[in-house]
Amino acid sequence: MSRYAEPMANLIEQLMRLPSIGPKTAQRLAFHILKTPRENVERLAEALIEVKDRIVSCSVCGNITEKDPCSICTDERRDKAVIAVVEESKDVIALERTGEFHGLYHVLGGAISPMDGIGPEDISVKELLLRLKNQEVREVILATDPNIEGEATSMYLAKLIKPTGIKVTRIAHGLPVGGDLEYADEVTLARALEGRREVEV
């Protein structure tokens, strides 16, 4: 990056820290920012700082929120006896778009992935089990991604939850294996929710 002036090189370096942003994309973005009117860049900078200052994790479900507990956890119309377990907050948004799910959520903050050094202790499994112990829950829907990590996480959770007597289901695979929930369309997700099945362990 030494061929660029120091501020430009620094911007490119910072952009490269973002996921899926390689050197060429970072350079394109940096030049785009350079050509963008200052007020637009200031708005972007303010939005970045605001999201860091105002967004927190819900102390109940782990979803991102501006107020704790989040609006879903405090909504009296939600079915508190059904919890959908998802990997990330973006998956909550994906399921909410279907309009088919009216229970609560639990955001794990990732999936078990030994290859990446992520074990059960690195995601919010303990918090989930504590919720199930302290809350009247009749069903846990395992809505992790339909890939190797998501399947491994679902099986692990099913083995922990089944002995408690709570019904454990897995969303049906109208979803492509190896895909991510956030990219699935509403109809596919709705069918996956409707076609969920009880997990056998």
Before giving the answer on side chain to side chain contact (heavy atoms under 4.5 Å, CB included), spell out for Met155 and Ile112 the whole-Å C-alpha distance, their side-chain angles and the decisive distance to 0.1 Å. CA-CA 10 Å; Met155 289 308 297; Ile112 296 170; over 6 Å; no
Measuring from atom [atom1] of [X] to atom [atom2] of [Y], what distance do you get when rounded to the nearest 0.5 angstrom?
| X | Y | atom1 | atom2 | value |
| --- | --- | --- | --- | --- |
| Thr153 | Glu87 | OG1 | CD | 6.0 Å |
| Thr36 | Leu44 | OG1 | CG | 9.0 Å |
| Asp53 | Leu48 | CG | CG | 11.0 Å |
| Asp75 | Leu104 | CG | CG | 9.0 Å |

Would you say [X] and [Y] make side-chain contact, with heavy atoms under 4.5 Å?
| X | Y | answer |
| --- | --- | --- |
| Arg3 | Met8 | no |
| Leu157 | Leu108 | yes |
| Glu151 | Thr144 | no |
| Leu181 | Lys90 | no |
| Thr164 | Leu132 | no |
| Ile148 | Met115 | no |
| Glu136 | Lys80 | no |

Looking at [X] and [Y], what are the two nearest heavy atoms and their distance?
| X | Y | answer |
| --- | --- | --- |
| Ala111 | Ile118 | O-CG2, 3.3 Å |
| Ala26 | Ile12 | CB-O, 3.6 Å |
| Cys58 | Pro69 | SG-CA, 3.8 Å |
| Asp91 | Glu182 | OD1-N, 3.9 Å |
| Leu142 | Ser154 | CD1-O, 3.3 Å |
| Phe101 | Arg78 | O-NH2, 3.5 Å |

Stepwise side chain to side chain contact (heavy atoms under 4.5 Å, CB included) test for Glu198 and Lys167: CA-CA 7 Å; Glu198 192 154 357; Lys167 182 180 180 182; 4.1 Å; yes
What verdict does the side chain to side chain contact (heavy atoms under 4.5 Å, CB included) test give for Thr25 and Arg28, after you've listed the backbone C-alpha separation in whole Å, the side-chain angles of each residue and the deciding distance to 0.1 Å? CA-CA 5 Å; Thr25 304; Arg28 277 197 301 274; 3.4 Å; yes
If you apply the rule salt bridge (charged side-chain N to carboxylate O under 4.0 Å, His left out), what do you find for Arg43 with Glu39, and how did you get there? CA-CA 6 Å; Arg43 278 200 291 273; Glu39 58 269 20; 5.9 Å; no
According to a hydrophobic-cluster definition based on side-chain heavy atoms being under 4.5 Å apart (Ile, Leu, Val, Met, Phe, Trp, Tyr only), do [X] and [Y] belong together?
| X | Y | result |
| --- | --- | --- |
| Ile64 | Ile123 | no |
| Leu129 | Tyr156 | yes |
| Val60 | Ile83 | no |
| Val137 | Leu160 | yes |
| Leu11 | Leu18 | yes |

Mind checking side-chain hydrogen bond (donor to acceptor under 3.5 Å, both in side chains) for Glu127 and listing every partner two or more places apart, or none if nothing turns up?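 Expected list: none.
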